[in-house]
Amino acid sequence: MLLKGKKGIISGALDENSIAWKVAEKCFENGAKITLTNAPIALRMGKINELAEKCSSKVIPADLTSVEDIENLYDESSNLLGDKVDFILHSVGMSPNVRKNKEYGDLNYDWLNKTLDVSAISFHKMMQVAEKRNFLNKWSSVVGLSYIAAQRTFPFYSDMAEAKSLLESITRSYGYRLGKISKTRVNTISQSPTITTAGAGIEGFKAFYNYAEKMSPLGNATAEECASYCIFLFSDLSKKITMQNLFHDGGFSNTGISEDIIDQFS
Ligand code: NAI
């Protein structure tokens, strides 16, 4: 029961494959009270209501690019959970360029703005609104999800790489600020490729997923394992970890080549 007595907001649970879905389940198992949120359009699928029932939680619609929606999300969460929160998960990403197969050399710049807004600036907005209304408890924890394409080039990741770089930069800048203000820590988890709606939407994903599996001495980290890491970061066990991008990738990021890959080319 690592989160007993804690309250938080989980964004981005679309279906049972979503990383956020597993995080919500584990929060509940660990004694936390949570609210769930997703974009109004995603709620039409209706799946998230199953999760809400399982976690004795409520769903509050919010497009996280809208400051007004975030304000409403925090108001309603306060009403349901009481006052302030101890943790927030940002598990949101989307690129219209990737979705519509626009090549990196032919980006639609309006769509690029959308990619950055949804996948990175929304993280800033969530923290800015929280700061302005003093919504975060002392020693609270804010976590976002990133990908190694922020540091190294993965051609299929296109403009999402820019979004993840920005997300990680916001993590450092806001981590400093919220650390000073409320002892809040802010981190991103750089997760292995994971089979989810967002993941599988990327061209060549399956091949890359298999490659990463063979490159990582521990194998790819699953969504469930990522959820366990989130619980640790929300818990008091990680009080002094902040402003970090934390690789959760079975060792992929520090592996030059593996025997499995060598065998494949021999
Ligand atoms: P997912 O597709 O289940 O989750 C993405 C969520 O973002 C969806 O629930 C979607 O409705 C939500 N969303 C999109 N636009 C939104 C908006 N304007 N407002 C609010 N919510 C919005 O996929 P997954 O994989 O669970 O993604 C979660 C996070 O993990 C994303 O940041 C993703 O980039 C990151 N990640 C995923 C990896 C993968 O291979 N699946 C690897 C590394 C990081």
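Indexing begins at 1, ligand by ligand and atom by atom, following the structure's order.
- In this structure, the protein non-hydrogen atom closest to atom 33 (C) of ligand 1 is K164 NZ, 3.7 Å.
- Near L145, the atoms of ligand 1 lying under 4.0 angstrom from a non-hydrogen atom of the residue are 29 (C), 30 (O), 32 (O), 35 (C).
- Residue contacts with ligand 1 do not include A223, since none of its heavy atoms lies under 4.0 Å from the ligand.
- Remark: ligand 1 and L64 share an N or O pair separated by less than 3.5 Å (distance only, no angle test).
- Proximity of A39 to ligand 1, defined as any heavy-atom pair under 4.0 Å, is shared by backbone and side chain alike.
- No more than 12 heavy atoms of other residues, nucleotides or ligands sit less than 6.0 Å from atom CG of N254.
- Taking the six-membered ring for Trp and thresholds of 30 and 60 degrees, Y147 and F208 have ring planes more than 60 degrees apart, a perpendicular arrangement.
- Atom 26 (O) of ligand 1 has its nearest heavy-atom neighbour, among L14, L73, I19, in I19.
- With distances taken over non-hydrogen atoms, the option nearest atom 22 (C) of ligand 1 out of T65, I48, V92, N17 is V92.
- Distances between N or O atoms of M160 and those of ligand 1 include no value under 3.5 Å.
- At a cut-off of 3.5 Å, with distance as the only test, no side-chain donor of S158 or N97 sits close to an acceptor on the other residue.
- Between D63 and ligand 1, a contact under 3.5 Å exists for at least one N or O pair.
- For atom 44 (C) of ligand 1, the choice among P193, S146, S192 with the nearest heavy atom turns out to be S146.
- For ligand 1, the atoms lying closer than 4.0 Å to a non-hydrogen atom of A62 are 19 (N), 20 (C).
- Counted by atom type alone, T194 and T196 present zero donor-acceptor pairs between their side chains at under 3.5 Å.
- Using a 4.0 Å cut-off between heavy atoms, F205 contacts ligand 1 through its side chain alone, with no backbone atom that close.
- Ligand 1 is never approached by S11 to a heavy-atom distance shorter than 4.0 Å.
- With salt bridges taken as basic N to acidic carboxylate O contacts below 4.0 Å, one links K26 and E224.
- The environment of Y176 atom OH is sparse: at most 12 non-hydrogen atoms of other residues, nucleotides or ligands sit within 6.0 angstrom.
- What sits closest to atom 10 (C) of ligand 1 on the protein, heavy atoms only, is N38 OD1, 3.6 Å.
- Counting only distance, with no hydrogens or angles, the side chain of S119 and the backbone of M94 share a donor-acceptor pair below 3.5 Å.
- Annotation: atom 2 (O) of ligand 1 to nearest protein heavy atom, A198 N, 3.0 Å.
- Heavy-atom distances between Y209 and ligand 1 stay at or above 4.0 Å for every pair.
- Residue contacts with ligand 1: T194 is placed with a nitrogen or oxygen under 3.5 Å of a nitrogen or oxygen of the ligand (distance criterion only).
- The number of heavy atoms from other shown groups lying within 6.0 Å of CD1 (I257) is above 12.
- Aromatic ring centroids of F123 and Y174 lie 6.0 Å or more apart.
- Applying the 4.0 Å criterion to heavy atoms of G93 picks out, from ligand 1, the atoms 7 (O), 31 (C), 32 (O).
- Closest to atom 8 (C) of ligand 1, if we only count protein heavy atoms, is G12 O, 3.8 Å.
- Partner of N137 under the side chain to side chain donor-acceptor pair (under 3.5 Å) criterion, chosen from D83, D86, T184: D86.
- Within a 6.0 Å sphere centred on NZ of K183, other residues, nucleotides and ligands contribute 12 heavy atoms or fewer.
- The protein heavy atom nearest to atom 25 (O) of ligand 1 is T196 OG1, 2.4 Å.
- If you number the atoms of ligand 1 from 1 as listed, the ones under 4.0 Å from a heavy atom of T197 come out as 2 (O).
- Taking a cutoff of 4.0 Å between a charged side-chain nitrogen and a carboxylate oxygen, K6 and D236 qualify as a salt bridge.
- Heavy-atom distances between S122 and ligand 1 stay at or above 4.0 Å for every pair.
- When only non-hydrogen protein atoms are considered, atom 15 (N) of ligand 1 lies nearest to V118 CG1, 3.5 Å.
- Between F252 and F154, the angle of the ring planes lies from 30° to 60°, which puts this pair in the tilted group.
- Close contacts of ligand 1 with A42, meaning ligand atoms under 4.0 Å from a residue heavy atom, involve 11 (O).
- A salt bridge links K125 with D117: at least one charged nitrogen is closer than 4.0 Å to a carboxylate oxygen.
- Comparing S91, S18, A13 against atom 5 (C) of ligand 1, the shortest heavy-atom distance belongs to S91.
- The ligand atoms of ligand 1 that sit less than 4.0 angstrom from a heavy atom of Q191 are 42 (C), 43 (C).
- By the neighbour-count criterion of 12 heavy atoms within 6.0 Å, atom CZ of R99 is sparsely surrounded, having that number or fewer from other residues, nucleotides or ligands.
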